[in-house]
Visitor: 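Take this structure, written in C-alpha cells, and hold onto it; I'll ask about it next.
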Amino acid sequence: NIGAELSYNNVGMFISSDAGNSWRQIFEEEHNVWFLDKGGALVAVKQPSVPTKHLWVSFDEGRQWTQHSFSAVPLFVDGVLVEAGAENQIMTFFGHFSHRSEWQLIKIDYKSIFSRQCTEEDYQTWHLHNEGEPCVMGQKQIYMKRRPGNYCMLGKDYSRILSAESCICRAHDFECDYGYERRGDGNCRPAFWFNPSTVSRSCSQGQNYFNSTG
C-alpha cells in the first residue's frame with residue numbers, strides 16, 4: 001500500500017532480490033505470488049475477488065513476466081498448493097467458477113518449463129548484507145544464487161550457503177556497562193543519574209582500584 005496511511009486503494013506488489021535492501025514494483029494490482037524451485041520461477045495470480053484464467057510466470061526475479069492460460073473458464077482462485085520435492089513439480093489450483101459452484105481443482109505440472117538441470121555456469125555468488133554492512137547477525141555469508149533468467153532446475157542437492165564466517169567483534173557489538181548509555185558518537189557515557197566516581201569510595205588513600213570504562 002503506497003501512501004500516508006493504510007488503505008485498500010493504491011495497492012501494488014513489490015519484490016526484493018537482495019534480502020530487503022531495495023524493492024521494485026512488479027504489479028499495480030494485488031496478486032498472490034508463489035515461488036517455484038526455490039525461487040527459480042515466480043508464479044502470480046490476481047487476488048481471489050477477481051476470476052481469472054491466466055497466470056503470470058517470471059524467470060528473472062520479477063523483471064519480466066509471461067502470461068499463460070490454465071483454465072478455459074475464469075476461476076476464482078482461493079489458493080494454490082506448491083508441493084515441494086525434486087521429483088514432483090506440481091502446482092494445484094483450487095477455487096470455484098462462481099459463488100454457487102462446486103470446488104474445482106486444477107493440477108499443473110511445471111517441470112517442463114525448466115529445460116535442464118543447473119550447472120556451475122548457471123550460478124553467481126551473492127554477499128548477504130544489510131544496507132552495505134556485511135556482518136549480519138554476527139556472520140559474513142556468501143550464497144550461491146542462480147543467475148536471473150536461466151531456465152534450469154536447482155534440484156534436491158542444491159546448497160545455498162557457499163561460506164559463512166564469524167565477524168570480528170566491534171564496539172557496537174557490546175552493551176554499555178551498568179550506569180552508562182550509548183551516545184550518538186557510539187561511545188558509552190555515564191547516564192545522568194550515575195556518578196562513576198562513587199565506586200572509589202571503598203578505596204583507601206594510596207591504594208588502587210578498578211573502575212569501569214563504560
Side-chain angles (χ1 to χ4, degrees), residues 1-3 6-119 122-124 126 143-161:
N1 169 224
I2 306 171
L6 291 175
S7 71
Y8 291 101
N9 300 321
N10 299 323
V11 174
M13 295 295 296
F14 293 79
I15 192 171
S16 174
S17 296
D18 56 7
N21 285 281
S22 62
W23 296 83
R24 61 183 183 276
Q25 187 169 0
I26 55 175
F27 294 113
E28 294 183 352
E29 298 176 283
E30 186 175 352
H31 285 67
N32 291 323
V33 181
W34 295 270
F35 296 88
L36 304 183
D37 192 40
K38 303 178 180 68
L42 305 178
V43 173
V45 178
K46 280 190 176 182
Q47 60 178 343
S49 62
V50 180
T52 182
K53 56 183 179 180
H54 300 294
L55 57 84
W56 297 86
V57 180
S58 174
F59 293 93
D60 56 1
E61 301 175 349
R63 293 176 176 85
Q64 294 181 326
W65 296 83
T66 56
Q67 180 179 277
H68 301 272
S69 177
F70 67 89
S71 175
V73 180
L75 179 75
F76 289 93
V77 179
D78 295 304
V80 174
L81 176 64
V82 179
E83 301 178 18
E87 303 300 326
N88 184 22
Q89 286 78 31
I90 301 293
M91 294 180 62
T92 304
F93 282 70
F94 55 92
H96 50 278
F97 293 132
S98 69
H99 294 292
R100 296 183 178 180
S101 69
E102 298 179 345
W103 283 97
Q104 305 293 327
L105 296 179
I106 301 176
K107 285 186 174 289
I108 300 175
D109 186 346
Y110 63 85
K111 188 174 183 179
S112 61
I113 67 177
F114 298 103
S115 59
R116 56 186 173 79
Q117 197 79 14
C118 291
T119 62
D122 294 306
Y123 296 100
Q124 63 184 12
W126 181 75
Y143 286 77
M144 291 292 292
K145 181 179 178 180
R146 177 174 26 198
R147 297 182 186 277
N150 287 17
Y151 290 63
C152 65
M153 183 171 290
L154 293 174
K156 61 182 179 180
D157 297 327
Y158 170 62
S159 179
R160 294 178 296 173
I161 299 181

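The first residue of the sequence shown is numbered 1, and numbering continues consecutively from there.
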Visitor: Do you know the tightest heavy-atom contact between Ser101 and His96?
Guide: OG-CB, 3.4 Å

Visitor: Evaluate the side-chain proximity of Val80 to Phe94: yes if any heavy-atom separation is below 4.5 Å, no if none is.
Guide: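 Of all side-chain heavy-atom pairs linking Val80 with Phe94, none is under 4.5 Å.
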
Visitor: Going through the distances and angles, do Phe35 and Val43 end up as a side-chain contact (heavy atoms from CB on, under 4.5 Å)?
Guide: CA-CA 7 Å; Phe35 296 88; Val43 173; over 6 Å; no

Visitor: Between Arg147 (side chain only) and Tyr123 (backbone N and O only), is there a donor and an acceptor less than 3.5 Å apart?
Guide: yes

Visitor: Going by the angle between their ring planes, with limits at 30° and 60°, are Phe76 and His99 parallel, tilted or perpendicular?
Guide: tilted

Visitor: To the nearest 0.5 Å, tell me how far Leu6 CG sits from Asn1 CG.
Guide: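 Nearest 0.5 Å value for the CG-CG distance: 5.5 Å.
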
Visitor: What closest approach, in Å, do Gln64 and Asp60 show between heavy atoms, and which atom pair accounts for it?
Guide: N-OD1, 3.0 Å

Visitor: Would you call Glu30 and Lys46 a salt bridge, using N to O less than 4.0 angstrom?
Guide: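 Salt bridge between Glu30 and Lys46, a charged N being under 4.0 Å from a carboxylate O: no.
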
Visitor: Checking Ser58 side chain against Leu42 main chain: does a donor-acceptor pair fall under 3.5 Å?
Guide: no

Visitor: Would you mind listing every salt bridge (charged side-chain N to carboxylate O under 4.0 Å, His left out) that reaches into residues 63-72, with sequence neighbours excluded?
Guide: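 For residues 63-72, and leaving out neighbouring residues, the salt bridge (charged side-chain N to carboxylate O under 4.0 Å, His left out) pairs sorted by first residue read Glu61-Arg63.
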
Visitor: Give a yes or no on this: more than 12 heavy atoms of other residues, nucleotides or ligands lie within 6.0 Å of atom CD of Gln67.
Guide: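 Counting other residues, nucleotides and ligands, CD of Gln67 exceeds 12 neighbours.
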
Visitor: If you look at every heavy atom in Phe93 and Leu55, which pair is closest and at what distance?
Guide: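 Taking Phe93 first and Leu55 second, the nearest heavy atoms are CZ-CD2, 3.7 Å.
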
Visitor: If you measure from CD1 on Ile106 to OG on Ser71, what distance do you get to the nearest 0.5 Å?
Guide: 4.0 Å

Visitor: Which heavy-atom pair separates Pro51 from Pro74 by the least distance, and what is that distance?
Guide: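 The pair with the smallest heavy-atom distance is CB-CB, 3.9 Å.
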
Visitor: Nearest 0.5 Å, what's the CG-CZ distance between Asp122 and Arg116?
Guide: 4.0 Å

Visitor: Using 0.5 Å steps for rounding, measure from the CE atom of Met91 to the CG atom of Asp109.
Guide: 11.0 Å

Visitor: Using 0.5 Å steps for rounding, measure from the CZ atom of Phe27 to the CH2 atom of Trp65.
Guide: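 Between Phe27 CZ and Trp65 CH2, I get 4.0 Å after rounding to 0.5 Å.
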
Visitor: What heavy-atom pair brings Ile26 and Gly62 nearest, and what distance separates the two atoms?
Guide: CG2-O, 3.4 Å

Visitor: Shortest non-hydrogen contact from Gly40 to Arg146?
Guide: CA-NH2, 2.5 Å

Visitor: Given side chains that start at C-beta, do those of Met13 and Val33 come closer than 4.5 Å, heavy atoms only?
Guide: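 Yes; the side chains approach each other to less than 4.5 Å.
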
Visitor: Find the distance between OG (Ser17) and CH2 (Trp23) and round it off to the nearest 0.5 Å.
Guide: 9.5 Å

